[in-house]
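Heads up, the thing below is written out as C-alpha cells.
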Amino acid sequence: MRTCGVEITGSDILLCLLTKKDDVFDIRDVRQTRFTLTNVGLDTEQMRKFQFDFAKLMTDYQVDSVAIRQRAPKGKFAGSAAGFKMEAAIQLIEGLDVRLLSTTEVKEQLKRNPLPIDFEDTGLKKYQENAFVNAFVYIMKKTYRPDE
C-alpha cells in the first residue's frame, strides 16, 4: 500500500509518501515535497496546472491513496478558502482514492497504534511531520479496518 500524506497550510501543500509492505514501513523520496500556490482561486490555469502536476506525481510514484487531514470550516482553526479549493482539486483527480481524516480520528488511531519511530529519526523535514502522520494513520486504519 502506497499512501501520500497531505497537509494543507495556507497556500502550501506538503507531502510525504509512505509505503507499507509485509508489515514494514518505507518512507519514499519524492521529487517534490511541497506545492506552493499564489493567488489560489484567482487564476483558473494555475489551479489546472496544480491539479495536473499533482496527478502526474501520484501516477509517477504509483500512489494508491491520498490522506488529507480535514480542516474546520469555521472557528479558530478554520481552513482558508484557498486550502479548500486545493483540497477539492485533489479530490477531483480521476482514479485517485482520496480520504479525509478528522482530527479526532487521527488522535484515536495514534492512541491505538502509536508511531513506531520518533519523527526526528525518519529523515524527513520538520514541515512534513503532519503529512507523515496523515499517511501513517490512514495506512493503519486500512490495515485494521479494511472495510472503511
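Everything quoted here is computed from the prediction, not taken from an experiment.
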Kindly compute the distance separating CD (Gln32) from CD1 (Ile13), expressed to the nearest 0.5 Å.
-> 10.0 Å
Separation of Leu101 CG from Lys107 NZ (nearest 0.5 Å) | 14.0 Å
Non-hydrogen side-chain atoms of Asp60 and Arg31 separated by less than 4.5 Å | yes
Rounded to the nearest 0.5 angstrom, the CD1-CZ distance for Ile90 and Phe54 is 4.0 Å
Salt bridge (charged side-chain N to carboxylate O under 4.0 Å, His left out) assessment of Arg48 paired with Glu45 | CA-CA 5 Å; Arg48 284 191 180 131; Glu45 285 307 310; 3.2 Å; yes
Give a yes or no on whether the backbone of Thr103 and the side-chain of Gln70 come within a donor-acceptor separation of less than 3.5 Å.
-> no
Does the side chain of Gln109 come under 3.5 Å of the side chain of Arg112 through a donor N or O and an acceptor N or O?
-> yes
Begin from the C-alpha positions of Thr19 and Phe25 and carry the test side-chain contact (heavy atoms from CB on, under 4.5 Å) through to its verdict.
-> CA-CA 6 Å; Thr19 302; Phe25 286 96; over 6 Å; no
Determine whether the side chains of Tyr138 and Asp97 contain a donor N or O and an acceptor N or O closer than 3.5 Å.
-> yes
Do other residues, nucleotides or ligands put more than 12 heavy atoms under 6.0 Å from the CG atom of Asp29?
-> no
Is there a side-chain contact between Lys20 and Thr3 (heavy atoms, below 4.5 Å)?
-> no
Before giving the answer on side-chain contact (heavy atoms from CB on, under 4.5 Å), spell out for Leu57 and Leu15 the whole-Å C-alpha distance, their side-chain angles and the decisive distance to 0.1 Å.
-> CA-CA 11 Å; Leu57 188 71; Leu15 308 175; 3.5 Å; yes
Parallel, tilted or perpendicular: which fits the ring planes of Phe35 and Phe50, with parallel below 30° and perpendicular above 60°?
-> perpendicular
Nearest heavy-atom approach of Phe132 to Leu18 is CE1-CD1, 4.0 Å
For Arg28, salt bridge (charged side-chain N to carboxylate O under 4.0 Å, His left out) partners two or more places apart | Asp26
At what distance, to the nearest 0.5 angstrom, does CD of Glu94 lie from CD of Gln51?
-> 10.0 Å
side-chain contact (heavy atoms from CB on, under 4.5 Å) assessment of Ile68 paired with Val98 = CA-CA 8 Å; Ile68 303 173; Val98 179; 3.8 Å; yes
Taken to the nearest 0.5 Å, the spacing of Lys141 NZ from Asn113 CG works out to 12.5 Å
How about Tyr127 and Thr9: does a side-chain donor come under 3.5 Å of a side-chain acceptor?
-> no
Would you say the side-chain atoms of Asp64 pair up with the backbone N or O of Arg2, donor to acceptor, closer than 3.5 Å?
-> yes
Val106 with Met1, same ILVMFWY side-chain cluster at under 4.5 Å = yes
Looking at CD1 of Ile8 and CG of Leu14, how far apart are the two atoms once the value is rounded to the nearest 0.5 Å?
-> 9.5 Å
Linking I/L/V/M/F/W/Y whenever their side-chain heavy atoms sit closer than 4.5 Å, directly or via other members, would Ile27 and Leu110 fall into one cluster?
-> yes
Donor-acceptor pair, side chain of Glu87 and main chain of Phe84, under 3.5 angstrom | no
Would you mind writing out the side-chain donor-acceptor pairs for residues 115-126 within the sub-3.5 Å range, not counting sequence neighbours?
from   : atom 1 : to     : atom 2 : distance (Å)
Thr122 : OG1    : Phe119 : O      : 2.6
Thr122 : OG1    : Leu124 : N      : 3.2
Lys126 : NZ     : Glu129 : OE1    : 2.4

Begin from the C-alpha positions of Val66 and Met58 and carry the test side-chain contact (heavy atoms from CB on, under 4.5 Å) through to its verdict.
-> CA-CA 9 Å; Val66 175; Met58 298 300 108; 4.0 Å; yes
Minimal heavy-atom distance between Met47 and Lys85, with the atoms involved, is CE-O, 3.6 Å
What pair of heavy atoms forms the shortest contact from Cys16 to Ala135, and how long is it?
-> O-CB, 4.3 Å
Does any N or O in the side chain of Asn134 come within less than 3.5 Å of the main-chain N or O of Val6, such that one atom is a donor and the other an acceptor?
-> yes
